[in-house]
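Data block below; observations after.
Letters go in sequence order (proteins before strands), and every chain restarts at 1.
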2 protein chains.
Amino acid sequence: MSSHAYLVDDDEAIRDSLGWLLESRGVACFSYSSAEDFLAAWNPSLAGCILLDIRMDGMSGPELFDALSERGNRLPVIFLTGHGDVPMAVSALKKGAFDFVEKPCNDNELVNRVIEALQLDANQRVAASGADSVNTRISRLTTRERQVMELILAGRLNKVIADELQISMRTVEVHRASLFEKMGVRTAVELAQLLAGKR
Amino acid sequence: MSSHAYLVDDDEAIRDSLGWLLESRGVACFSYSSAEDFLAAWNPSLAGCILLDIRMDGMSGPELFDALSERGNRLPVIFLTGHGDVPMAVSALKKGAFDFVEKPCNDNELVNRVIEALQLDANQRVAASGADSVNTRISRLTTRERQVMELILAGRLNKVIADELQISMRTVEVHRASLFEKMGVRTAVELAQLLAGKR
DNA sequence: CACCACACTGCGGGTTTCCACAATATTCGT
DNA sequence: ACGAATATTGTGGAAACCCGCAGTGTGGTG
């Protein structure tokens with residue numbers, strides 16, 4: 001689960017030299033000799049970044065990138081190419097690649113890009129963890145509590161909520177209190193801020 | 001104030017042919033023969049997109065791009081180049097350029113990119129207008145009303161707000177009511193949602 | 001069947017919010 | 001100096017909110 005650079009290149013010499021370079025700078029590294037291999041190994045819980053050669057036997061770098069995107073990949077991807085053209089670089093970046101570098105390139109520069117990518121992933125991860133814990137809390141609400149929450153967020157008064165759900169006001173109050181408790185919030189305002197952006 | 005393509009290129013032949021191409025496809029177009037000219041003409045209320053040649057006498061395309069960014073430019077920028085290299089394209093896109101196309105290129109393709117950029121700008125504009133109207137409303141609040149609003153959003157009860165601001169509860173109620181009125185909301189929850197993400 | 005989570009309800013009472021009515025003080029611009 | 005906007009406060013009552021206590025009913029599980 002720790003942060004690694006995932007290196008995908010069908011040229012063993014590159015894998016070795018790049019792998020060694022990264023390790024020597026303190027970046028743990030896994031190598032794959034084909035896009036297919038990495039795709040099989042990939043799972044949503046990987047952390048770090050991906051270094052992808054453009055031209056490879058079998059599935060190409062961009063194809064792998066697309067496949068990973070479809071599977072919900074969040075890891076920053078750095079494309080490596082010895083024969084990159086501008087349209088390819090533009091297309092890769094517009095699709096959300098983190099970077100696109102030409103080989104050969106300055107070693108120092110490349111490692112820096114990798115470290116930036118690692119940092120980005122780490123940041124995204126902490127940002128997402130907040131959202132996750134909120135979603136977890138929501139998932140622990142009962143159906144009724146969720147319904148009541150929706151209506152609270154819609155600005156309805158307890159009396160109105162009771163009416164709309166065809167239950168007594170007291171019951172609404174009970175649900176309200178218990179969902180506040182479960183969501184770890186003390187007022188409706190806090191609840192609204194906690195869910196800002198969602199729903 | 002209407003939407004235009006702003007074309008900046010020091011080659012008159014290009015300006016003419018590109019200008020004509022865009023006009024023929026219904027895209028209104030202004031041309032500038034130097035980065036300096038456009039920079040002088042630029043103002044924050046322009047709407048549309050910018051087509052920027054990379055290599056020009058005097059200030060270059062990327063330099064103009066940076067200058068515009070510093071001035072808070074929001075218009076999508078499409079770079080045009082006859083001799084673009086990959087690092088330049090990568091750098092431009094990572095800085096937020098909308099696109100980077102090589103000349104000569106398929107006319108149809110280019111016009112499509114321009115139209116996409118125009119569309120993006122239009123979308124950004126409607127999204128921003130909402131935020132603007134909210135900011136306008138906030139700006140119409142008095143100092144006290146803003147202070148009370150902050151504390152309401154912090155989830156404080158009126159009595160606590162009164163205490164923190166060293167004023168009576170009644171006064172807080174008055175400010176509360178008038179700021180709700182000015183912000184066009186009826187409850188604290190609505191207020192919190194209206195300002196979700198801000199402050 | 002006993003147990004438990006969930007949904008539901010009433011009562012009583014304290015707290016908070018909302019508002020109309022009524023007033024005073026300060027600042028600022030004409 | 002006068003009026004407008006802003007800030008301030010009080011009284012008092014209606015409405016809404018919060019909560020503990022106590023109890024009913026249903027569905028699912030061991």
Q.
Heavy atoms within less than 4.0 Å of DNA chain D: which residues of residues 180-192 of chain A have one? Give them sorted by number.
A. none

What is the separation between atom [atom1] on [X] and atom [atom2] on [N], rounded to the nearest whole Å?
| X | N | atom1 | atom2 | result |
| --- | --- | --- | --- | --- |
| A:Ile152 | D:dC17 | CD1 | C1' | 11 Å |
| A:Lys159 | C:dT17 | NZ | P | 18 Å |
| B:Arg156 | C:dT17 | CZ | C1' | 18 Å |

Would one find a side-chain N or O of [X] under 4.0 angstrom from OP1 or OP2 of [N]?
| X | N | answer |
| --- | --- | --- |
| B:His175 | D:dT8 | yes |
| A:Thr171 | C:dT9 | yes |
| B:Arg176 | C:dC18 | yes |
| A:Asn158 | D:dA16 | no |

Q: Check every strand shown and say whether A:Thr142 touches a base, only sugar-phosphate, or nothing at a heavy-atom separation below 4.0 Å.
A: sugar-phosphate

Q. End-to-end bend of the helix from C:dC1-D:dG30 to C:dT30-D:dA1 (five-pair axes, 10° rounding)?
A. 40°

Q.
Treating primed atoms plus P, OP1 and OP2 as sugar-phosphate and everything else as base, which nucleotides of nucleotides 19-30 of chain C get B, S or - for protein heavy atoms under 4.0 Å?
A. BBB---------

Q) Roughly how far, to the nearest 0.5 Å, is CZ of B:Phe79 from CG of B:Asp99? A) 11.0 Å

Q.
With nearest nucleotide decided by heavy atoms, which residue, B:Leu157 or A:Glu145, maps closer to the 5′ end of DNA chain C?
A. A:Glu145

Q. Got a salt bridge between A:Glu109 and A:Arg113, using NZ or NE/NH1/NH2 to carboxylate O under 4.0 Å?
A. yes

